[in-house]
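Whatever order the structure lists ligands and atoms in, that order sets their numbers, starting from 1.
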Amino acid sequence: MDTQPKPDRAAWLYGPSVKCSVPAPELTAPWRLVLLGAPGVGKGTQAQLLAQRFGACHLSTGDVFRAAKSRRVSEQTSAMAVALEAMRRGALVSDWIVSDMIRERIDCIACTGGFILDGFPRTMSQAKLLKQLTEQKNLALDAAINYELPHDEIIARLSGRRTCASCKAIFHILSKPPRVAGVCDECGARLNQRDDDRAESIKVRLQEHDAKTEPLISFYKEQGLLLTICSIGSPDEIHARTVHALNARRESALAPVAL
Ligand code: AMP
């Protein structure tokens, strides 16, 4: 696989007062992608693989909240405390909190290495904000990729997911068990179940997705940006399917029009 150096995500995770230590690559044709799909379809894994392949930054709003969660309560703003409470229940964080967070990180959206947005936008108002910000910066989205998977498969994936408390490696108790139960193969740290991967929260997250995020499929379809990818199979298979569809899309956009 042709991979690029891994961009540092410090400015995204901690806000504009923190600078990324790895400079963004100056790419001539950076990829700017939005990943859609219900929680559990594997957007995070696909975002990491795409970011690695294309040299773009993996911009996950969920990761920004999780980074804030690991700070001391006294260091959290009141807006962040409200956001983390919604997140714990599996509910979406209010649009105004998310919008402020994104506006603050506009330089990440305009990064010369491109971006893979994972978990944003999640509502129509967020999608309109992204459109407004990219137009302001004269940037165009390449595609909105919608990963599809049946609900019963999603529930099985989420309820068995375990994440390393330290290096964030992801395991599954059935499909990708660690060598020693509860211990990360990569770094030996403890594996945790995310609060929002518990049964009560999964139900709320799927309801939130169907009510608020699914309408974005038509929004991007109308703009000719939607690419639908089946999320059944191994991460590498899904990645190969995605790259194939993206390349075909770019090639057809570049192909001369027959007169
Ligand atoms: P994720 O890691 O993308 O599944 O996000 C985890 C949780 O963070 C979600 O269930 C929401 O509570 C919150 N969250 C992340 N991104 C957004 C967003 N764009 N809008 C609202 N809530 C969000």
ask   = Does ligand 1 have any atom sitting under 4.0 Å from a heavy atom of Arg194?
value = yes
key: Identity and separation of the nearest protein heavy atom to atom 23 (C) of ligand 1   =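 For atom 23 (C) of ligand 1, the nearest protein heavy atom comes out as Phe65 CE1, 3.9 Å.
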ask   = To the nearest 0.1 Å, how far is atom 12 (O) of ligand 1 from its closest protein heavy atom, and which atom is that?
value =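 Sorting protein heavy atoms by distance from atom 12 (O) of ligand 1 puts Ala91 O, 2.7 Å first.
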ask   = Is the number of heavy atoms from other residues, nucleotides or ligands under 6.0 Å of Arg198 CZ greater than 12?
value =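 Buried by this count: over 12 neighbours within 6.0 Å.
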request  = Mark yes when over 12 heavy atoms from residues, nucleotides or ligands other than His151 sit less than 6.0 Å from its NE2; otherwise mark no.
outcome  = yes
Does [X] approach ligand 1 within less than 4.0 angstrom via side chain, backbone, both or neither, non-hydrogen atoms only?
X	result
Asp196	side chain
Val93	both
Met101	neither

Element-labelled atoms of ligand 1 that are located less than 4.0 Å from some non-hydrogen atom of [X]:
X	value
Gln126	18 (C), 19 (N), 20 (N), 21 (C)
Arg66	2 (O), 6 (C)
Thr61	15 (C), 16 (N), 17 (C), 19 (N)

Can you tell me how far the [atom1] atom of [X] sits from the [atom2] atom of [Y], to the nearest 0.5 Å?
X	Y	atom1	atom2	result
Tyr147	Lys43	OH	NZ	10.5 Å
Leu59	Phe120	CG	CZ	10.0 Å
Cys230	Glu237	SG	CD	10.0 Å

message = Just to be sure I'm reading this right: ignoring hydrogens, which of Lys43, Arg122, Met87 gets closest to atom 4 (O) of ligand 1? Compare them by their nearest heavy atoms.
response =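 Heavy atom nearest to atom 4 (O) of ligand 1 belongs to Arg122.
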ask   = Looking only at N/O atoms, are Gly119 and ligand 1 under 3.5 Å apart anywhere?
value =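 Looking only at distances, the answer is yes, because the N/O contact criterion of under 3.5 Å is met.
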key: Asp197/Arg161 salt bridge by N-O under 4.0 Å criterion   = yes
ask   = Looking at Arg66 and Asp195, does any basic side-chain N land under 4.0 Å from a carboxylate oxygen?
value =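 No, Arg66 and Asp195 are not salt-bridged.
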message = So if I apply the side-chain hydrogen bond (donor to acceptor under 3.5 Å, both in side chains) rule between Lys212 and each of Glu214, His209, Glu208, which one comes out positive?
response = Glu208
